[in-house]
Amino acid sequence: MESVQPPAHQEVQEVEVAVIGCGPVGALTANLLGARGVTTLVVERSATPHGQPRAFSCDDEALRIYQQAGLLDGIRDETVAPPLVEYVNGAGRVFARMRLSETDFGYGHAPLRFFDQPRLEHTLRAGLDRFPHVRLAPGTELVGLTQDEDGVTVLLSDVATGQRRAVRARYVLGCDGARSATRAAVRIPLSGASYAEPWLAVSGDVPPEAVRVPDTTFVCDWRRPAFVSPGAAGSYRMEFMLRPGETEDDMRRPETIAALVSPYVDPDRFAVTRAVVYTFHHLVAQRWREGRVFLLGDAAHQMPPFMGQGLCSGLRDAANLSWKLSLVLSGAAGAAVLDTYETERRPHTVEMAQTSVRLGRVFLARNRVTAGVRDAALRTVQTIPRVRRFVERFEFKPVPAYRRGLMAGGRRDGVVGTMFPQPPVLVPGAPGERLLDEVLGDGFAVLGRAGVADPLGAWRPGLPARFVAVHPSGTPLADLPDQPAGPPATGRPDRVDVVDADGVLGGWLRRHGADLVVLRPDRFVFALVTAGGVEQAVRDLSAALGVPPDGDRTRADTSGLAAAPAGPAPS
């Protein structure tokens, strides 16, 4: 990586954030920043969209993040939710099953969906067109980077012509994948393990009548473990572990692929769109921040594929960091808030990766005796109803929660630090039910029983917030008060009255002994509040954001560069 010397006589472009990489994580990050008014440049080495169906699955948390970016409809309509996941042995006998059609974690979406990556990337890139302050620079690569207390200067090169230009950004976000040029530029090493077993990943299109295995299946055959599943838009995905002595060239031959896929689809009607051999990794960057440069997604962490959480973890990074950056850049929060990105995200990512490794050990038994013991043990323990529910309802997946970070008290306490549910609500003037996030706004939200006095009178000036007054299930919409007009600066109300369609919100508040709950912009619980505790909650929030309660600060980020952590955040 070169030192940065801006070309002579060339004006240096200035942006608030430069996002390096426009894969799904980079494109989503830019959409979230754009939605919050952040001037953003997206740098992408490839001149055209990647066009390869690499990532395959996302979960309910990921769908909720797409929803926050205003892209849910376009993405959800092109995905498919598998009703069932089965684990079968080499003889095809089921020894474990996850009933996803009966699983609901309460976040508003199905627990697992499959997508087509080229279509996903098209939707994400098209979303950038909504924002005149966001610009995509395809065919451009990062070749140099230097930073100081006020910002980062990046040197960019046109891949086709070699012409160079410098860009000045307040912050740089490395979303450029496993071989991250951003990570290399700031000299952050990876630690962890790579796995020697190579896999053949085959994607293709197949008509429904040519599908022989219609459900998502982990084939736990000790002779050749495999994963097979129908996907979105008539696609089908299969992955096969290579045996000792098999080569990439051997495995990619059409006759080899036809033989491998034949038990699952009709090979004569299966049109291969991608066939690659890969190995997987369990790697984590030693730190995710160097001054004003941050790492997200595969640039920061890589994990085995058995939970389908690699991309989802990168999307969570984007959701966590983007709103914090926007508050810092607007002066509504101090720069030290950005330290909570790694503090919050690293432990959850490591836990997800470790769960993937453990699941892989079940999947990858490599001799007949071990596989037989596994099959018998799992069938036996699932005769216990609670254990069977644990497996069938996917309860071994780590919950979305942070141990320490930007929350009242600085650490998880009960539901403080966990993701808030997203049930349906009814709103005056809107037909039918709406998901909760659609009425929360894009800032902080205070949600509570309708009988509680509006808490925003004690709220800190200059910090976006909305009060959501919850009326009991069955309340006629006509009985709700008229919605107040919004402040002139935003044109939207700072109070919304809703009806709790299924009683979930009222039940949640009663269960946790709270009149109100303060939600962060990413919909994690900041604090539980009683009717008389609003002012204390505001003081706690102001302290967490690093600004006085009266908001007497015009540009929080000008106070200097927050020190980068010396090493990984403790887990």
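Along the sequence shown, the residues carry numbers beginning at 1. Please read all numbers here as calculations on a predicted model, not as lab measurements.
When atom types are taken as modelled, the side chain of Gln286 and the backbone of Leu190 share no donor-acceptor pair closer than 3.5 angstrom. In this structure, the side chain of Arg113 does not engage the main chain of Ala62 through any donor-acceptor pair within 3.5 Å. Checking side-chain atoms of Thr40 against main-chain N and O of Val38 turns up a donor-acceptor pair under 3.5 Å. Not one N or O on the side chain of Arg434 forms a donor-acceptor pair closer than 3.5 Å with the backbone of Leu436. At least one donor-acceptor pair under 3.5 Å links the side chain of Ser473 to the backbone N or O of Ala501. Proximity of a side-chain donor or acceptor of Gln117 to a complementary backbone N or O of Ala55 within less than 3.5 Å is detected. Of the possible donor and acceptor atoms, one in the side chain of Asp500 sits under 3.5 Å from a partner among the backbone N and O of Val504. No donor-acceptor pair under 3.5 Å is formed between the side chain of Arg523 and the backbone N or O of Gln68. At least one donor-acceptor pair under 3.5 Å links the side chain of Glu44 to the backbone N or O of Cys22. In this structure a side-chain-to-backbone donor-acceptor pair under 3.5 Å is missing from Thr343 to Thr340.
The two atoms that bring Ala469 and Ala450 nearest to each other are CB-CA, 4.1 Å, heavy atoms only. Taking each heavy atom of Ala531 and Asp515 in turn, the nearest pair found is N-OD2, 2.8 Å. Of all heavy-atom pairs between Phe280 and Pro305, the closest is CG-CD, 3.8 Å. Residues Ser57 and Cys312 come closest through the heavy atom pair O-SG, 4.1 Å. The heavy-atom pair separating Ala544 from Val337 by the smallest distance is O-CG2, 3.6 Å. Taking all atoms of both residues into account, the shortest heavy-atom contact from Ala401 to Thr418 is CB-CG2, 3.9 Å.
Side-chain N/O atoms of Asp176 and Thr182 include a donor and acceptor closer than 3.5 Å. In this model, no donor atom of one side chain and acceptor atom of the other lie less than 3.5 Å apart for Thr475 and Asp479. When only modelled atom types and interatomic distance are considered, Arg358 and Thr355 share a side-chain donor-acceptor pair under 3.5 Å. Counted by atom type alone, Gln67 and His109 present one or more donor-acceptor pairs between their side chains at under 3.5 Å.
Residue Val529 forms a side chain to side chain contact (heavy atoms under 4.5 Å, CB included) with just one option from Leu516, Val517, Val452, Leu447, and that option is Leu516.
The closest side-chain heavy-atom distance from His471 to Asp497 is below 4.5 Å. Side-chain contact between Leu541 and Leu463 is present, with heavy atoms from C-beta onward closer than 4.5 Å. Annotation: side chain of Thr79 is not in contact with side chain of Leu120 (no heavy-atom distance under 4.5 Å). Between Pro49 and Arg125, some side-chain heavy-atom pair lies under the 4.5 Å cut-off. When side chains are defined from C-beta on, Glu78 counts as touching Thr123, because their heavy atoms get closer than 4.5 Å. Side-chain contact between Trp288 and Ile188 is absent, with no heavy-atom pair separated by less than 4.5 Å. Using a 4.5 Å heavy-atom threshold, the side chains of Leu41 and Val43 count as touching. Side-chain contact between Asp502 and Pro424: present, with at least one pair of heavy atoms (C-beta onward) separated by less than 4.5 Å.
Ring-plane geometry between His348 and Tyr402 is classed as perpendicular, the angle between the planes exceeding 60 degrees on a 0 to 90 degree scale with a lower cut at 30. Aromatic ring orientation, Phe526 versus Phe444: perpendicular (interplanar angle above 60°, classes split at 30° and 60°).
Comment: Arg316 engages Glu61 in a salt bridge, judged by a side-chain N to carboxylate O separation of less than 4.0 angstrom. The pair Arg411-Asp413 fails the salt-bridge criterion, with no side-chain N (NZ, NE, NH1 or NH2) lying under 4.0 Å from an Asp/Glu carboxylate O. Salt-bridge formation is not detected for the pair Arg345/Glu342: no Lys NZ or Arg NE/NH1/NH2 atom is positioned less than 4.0 Å from an Asp or Glu carboxylate oxygen. The pair Lys397-Asp59 meets the salt-bridge criterion, since a charged nitrogen lies less than 4.0 angstrom from a carboxylate oxygen. Checked for salt-bridge contact, Arg466 and Asp494 miss the test: no charged N lies under 4.0 Å from a carboxylate O. Salt-bridge annotation for Arg289 and Asp339: present, with a side-chain N of the basic residue lying under 4.0 Å from a carboxylate O of the acidic one. Taking a cutoff of 4.0 Å between a charged side-chain nitrogen and a carboxylate oxygen, Asp442 and Arg36 do not qualify as a salt bridge.
Between Ser313 atom OG and Leu296 atom CG the span is 11.5 Å, to the nearest 0.5 Å. Going from atom CD1 of Ile20 over to atom CG of Leu173 covers 8.5 Å, rounded to the nearest 0.5 Å. Here the straight-line distance linking atom SG of Cys175 with atom CG of Leu28 works out to 9.0 Å at 0.5 Å rounding. Expressed to the nearest 0.5 Å, how far CZ of Arg237 lies from CZ of Phe114 amounts to 9.5 Å. With rounding to the nearest 0.5 angstrom, the OG atom of Ser326 is 7.5 Å from the CG atom of Leu33. Interatomic distance, Gln309 CD to Leu315 CG, rounded to the nearest 0.5 Å: 9.5 Å.
For Trp508 and Phe420, the gap between ring centers is short of 6.0 Å. Here Phe524 and Trp323 keep their ring centres 6.0 angstrom or further from each other.
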Exercise. Where do Glu433 and Val425 land on the side chain to side chain contact (heavy atoms under 4.5 Å, CB included) test, with the steps shown first?
Worked result: CA-CA 6 Å; Glu433 295 179 346; Val425 295; over 6 Å; no

For this session: Apply side chain to side chain contact (heavy atoms under 4.5 Å, CB included) to the pair Met407 and Val525, showing each step before the final yes or no.
Result: CA-CA 7 Å; Met407 60 197 80; Val525 176; over 6 Å; no

Problem set entry | side chain to side chain contact (heavy atoms under 4.5 Å, CB included) between Phe294 and Asp317, intermediate numbers included | CA-CA 10 Å; Phe294 294 82; Asp317 296 343; over 6 Å; no

Exercise. Going through the distances and angles, do Arg412 and Glu344 end up as a salt bridge (Lys or Arg N to Asp or Glu O under 4.0 Å)?
Worked result: CA-CA 10 Å; Arg412 181 177 174 182; Glu344 293 180 343; over 6 Å; no

Exercise. Would Val85 and Arg97 count as a side chain to side chain contact (heavy atoms under 4.5 Å, CB included) if you check the C-alpha gap in whole Å, the side-chain angles of each, and the deciding distance to 0.1 Å?
Worked result: CA-CA 6 Å; Val85 175; Arg97 180 179 285 121; over 6 Å; no

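A cation-pi geometry, defined here as NZ or CZ lying under 6.0 Å from the six-membered ring centre and within 45° of its normal, does not hold between Arg495 and Phe467.
Within 6.0 Å of the CD atom in Glu535, the count of heavy atoms belonging to other residues, nucleotides or ligands does not exceed 12.
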